[in-house]
Amino acid sequence: MRRETDVVGDNRDVMDELNSFDIAVIGAGHAGCEAALAAARMGCKTLACVINLDTIGAMSCNPAIGGLAKGHLVREIDALGGEMARNIDETSIQFRRLNTSKGPAVRSSRAQADRLLYRLRMKKTLENQKNLTIRQTTVDSLTVKNGRIVGLKTSLDEDIRVKAIVVATGTFLNGLIHIGLKNFPAGRMGDNPSLSLAAWFRAQGFNVGRMKTGTVPRLDANSIDYSQLEPQYSDDPPSFFAFTSSGNYRQPQFPCHITYTNELTHEIIRGSIDQSPMYAGIIEGVGARYCPSIEDKVMRFPEKERHQVFLEPEGVETTEVYPNGLPTSLPLATQIAMIRSIKGMENAVIVRSGYAIEYDYVDPLELLPSLETKRIEGLFLAGQINGTSGYEEAAAQGLMAAINAVHHCRNLEPLVLDRSQAYIGVLIDDLVTRGTKEPYRLFTSRAEYRLLLREDNADARLSEIGHRIGLLPQEQYSFYLEKEKEIRDAIGLLAITPVKPSAAIDQILKQLGSAGLKQKSMLADLLRRPELTIHHLPELIQDDLNTDIEKLSQSRFSEEVQLRVKYKGYIDRQTEQVNRFRKLESSHLPQDLDYSSLSGLSNEVVEKLTSVKPLSLGQASRISGVTPAAISILQVHLRKLKHQKKSQQTDTSK
């Protein structure tokens with residue numbers, strides 16, 4: 001017969017096993033989902049802590065993925081082995097390519113999601129991931145010993161042992177919702193905030209600030225008069241995000257509709273502006289400059305007669321509509337009047353009110369480029385806690401934080417993508433080098449080498465890395481290798497296929513708006529003409545090669561072949577710029593360097609260099625206020641250090 005003490009001892013052993021992990025991820029929004037999946041897929045025993053299991057992967061704001069620069073991030077996440085691209089491909093109800101009339105560097109993809117299906121598929125993916133345990137629990141504090149993470153404590157008094165933690169709390173840290181002059185604690189409408197963990201960060205001395213974001217009122221589609229509105233349909237065929245996705249739509253496709261605010265709308269907003277928590281001085285947090293509330297737009301741009309509104313359906317099995325362009329925290333009565341003043345929405349019914357939410361964030365200057373905090377070893381932050389806005393920015397950070405948490409557990413060097421490799425590199429470098437005082441949003445204009453960082457070549461830039469670190473599955477990696485071979489072979493064929501001058505060829509070129517040939521030219525040279533596309537090339541070949549060129553022009557990779565050929569000269573020049581950039585990046589600065597001891601540096605420069613502790617001359621050069629003269633002083637100092645080290649080695653060898 002077993003004694004009670006034996007049972008207690010067995011239970012203790014079981015609990016010890018259940019509460020011991022390599023990595024814990026706090027939060028299961030877009031950053032948390034990517035972090036949890038990446039850590040588990042790389043072989044670490046991972047715990048995902050979420051306040052509410054039913055909100056895993058929830059789209060708190062607009063039901064869409066991608067957009068300008070954001071689409072690039074989604075493709076990069078996919079190339080490294082993340083999940084966001086596959087999730088949106090399977091659950092989208094509208095696909096659109098943006099900026100198609102502009103250059104290839106700024107073309108981006110965007111997809112409207114079925115909000116419910118997106119969340120449920122992501123939840124199912126996490127639930128079925130090997131090495132991943134999910135728990136509905138609230139984390140109150142993190143356990144630190146000798147300056148490094150060793151565990152966490154939950155509100156149920158659980159002590160969980162871990163080697164590293166990724167905090168991806170979104171808007172939940174000390175979250176406060178505002179509707180008119182009323183406010184109440186929440187991490188999102190209907191969810192409790194994380195108050196104890198927010199207090200823990202402040203108690204540890206982190207530089208914590210407040211930010212604000214907001215969302216729109218949701219409408220009942222049955223109360224909208226779509227006959228007055230301009231529809232916008234899906235692209236056909238769809239422009240999928242995941243490189244391995246192909247074929248037809250997975251879900252029924254729905255149109256969005258376009259309408260506009262008007263002077264009456266603006267009068268209603270101005271008449272209630274004293275009821276706005278932002279303008280009444282109740283909100284302390286800084287809002288997003290690039291995604292302002294409708295009251296901000298009306299007050300800041302009084303000369304504008306109207307503002308565009310996109311009516312976006314929220315899913316196949318719901319009548320809820322998201323009026324993109326109308327985020328607001330005005331009182332509900334004002335929201336109703338405002339909505340009903342807009343064309344097509346005269347009888348619209350609000351089913352969920354819009355609101356603003358304030359939350360805590362940690363100054364990203366507290367972070368290393370690996371997203372590990374400088375204060376506490378093994379603690380990584382990702383997403384809105386770092387001052388960013390957007391699902392895609394959050395997911396990218398979650399992925400990178402998890403990769404580096406795994407590397408931390410295995411005593412490996414962190415993976416840091418630089419600005420020439422990925423938009424992910426631009427995003428993280430901007431945060432940890434320059435910091436942010438407002439919600440950070442990524443734009444293509446933030447990237448110096450954007451012709452190299454196109455959506456279409458994200459796999460060429462990052463698949464090798466994803467496979468090497470054990471995150472990108474072999475199947476996806478093999479697909480990438482086959483694609484690269486097909487593209488290289490196609491470019492090679494164009495480079496050696498001649499077109500000889502003739503009256504017939506000149507006639508074809510003239511019809512295409514291009515000049516005739518004076519001498520033999522290769523197809524690649526002709527493709528570089530602005531007026532010609534890869535689909536015109538078969539017309540120029542009259543021999544047995546015509547079939548091969550026809551197949552090439554119809555290939556699913558024909559657009560990328562065309563881009564690489566057409567822009568080769570520009571790409572080569574930008575590659576030279578990258579080589580110069582990497583020389584500065586390879587000039588490493590000692591982390592114990594006392595900048596105040598270097599003569600010639602101003603007090604402002606010393607303060608900023610000491611705060612950021614740049615890893616290289618390149619990073620130092622991007623710190624606001626660090627002048628070219630200061631970089632020259634640092635270069636001289638590095639040369640002196642190199643000379644001293646060489647002299648010491650020479651003396652030792654004598």
Side-chain angles (χ1 to χ4, degrees), residues 34-35 37-43 65-66 69-90 104-105 107-109 125 129 239-246 370 392 395-404 406-407 412-428 447 449-492 555-564 567 571 574-575 578 582:
E34 293 294 346
L37 289 170
R41 288 169 175 172
M42 292 176 73
I65 295 293
K70 294 169 178 283
H72 292 70
L73 286 178
V74 180
R75 283 253 167 150
E76 290 177 356
I77 290 166
D78 184 65
L80 286 167
E83 190 64 28
M84 179 174 267
R86 288 194 293 272
N87 211 63
I88 186 60
D89 285 352
E90 294 295 325
R107 295 171 194 161
S108 295
S109 301
T125 301
Q129 177 60 52
S239 47
F240 288 119
F241 282 98
F243 285 97
T244 53
S245 290
S246 61
S370 63
E392 303 81 6
Q397 291 173 74
L399 186 74
M400 295 306 297
I403 290 170
N404 286 318
V406 172
H407 283 200
L412 299 174
E413 287 295 312
L415 174 64
V416 176
L417 301 175
D418 69 42
R419 302 179 73 88
S420 69
Q421 289 178 292
Y423 272 92
I424 294 175
V426 174
L427 163 68
I428 294 175
Y449 312 109
R450 55 184 175 271
L451 188 55
L452 301 180
L453 306 183
R454 307 184 309 275
E455 263 195 3
D456 63 272
N457 71 349
D459 56 342
R461 293 183 276 116
L462 299 174
S463 291
E464 292 284 354
I465 295 172
H467 187 255
R468 172 172 53 81
I469 63 176
L471 185 54
L472 187 70
Q474 182 61 45
E475 181 183 355
Q476 284 180 254
Y477 183 61
S478 297
F479 179 88
Y480 153 71
L481 292 176
E482 291 169 8
K483 172 190 168 183
E484 277 298 297
K485 183 180 185 304
E486 186 173 328
I487 290 173
R488 286 196 303 270
D489 290 348
I491 292 173
S555 163
R556 57 181 167 166
F557 307 130
S558 61
E559 182 180 354
E560 189 165 349
V561 172
Q562 175 171 284
L563 290 176
R564 292 193 193 185
Y567 294 93
I571 290 170
Q574 202 149 92
T575 301
V578 167
R582 285 188 171 155

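The chain is numbered in sequence order, starting from 1.
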### Query
With sequence neighbours left out, which residue pairs that include part of residues 413-426 fulfil the salt bridge (Lys or Arg N to Asp or Glu O under 4.0 Å) condition?
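Qualifying pairs: Asp418-Arg582, Arg419-Asp429, Arg419-Asp430, Arg419-Glu448.
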Checking [X] now: which residues fulfil salt bridge (Lys or Arg N to Asp or Glu O under 4.0 Å) with it, not counting sequence neighbours?
X      : result
Glu455 : Arg97
Arg564 : Glu484, Glu560
Glu34  : none
Asp78  : Arg86

Who pairs with [X] by side chain to side chain donor-acceptor pair (under 3.5 Å), at least two apart in sequence or on another chain?
X      : answer
Asn87  : Arg121
Ser478 : Gln474
Ser555 : Glu486
Glu482 : none

What pairs with [X] under side-chain contact (heavy atoms from CB on, under 4.5 Å), at least two apart in sequence or on another chain?
X      : value
Asp489 : Lys485
Ser245 : Asp89, Phe240, Ala242, Arg250
Ala105 : Arg450, Leu451

### Message
Using 30° and 60° as the class boundaries, would you call the ring planes of Phe479 and Phe557 parallel, tilted or perpendicular?
### Response
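Phe479 vs Phe557 ring planes: perpendicular.
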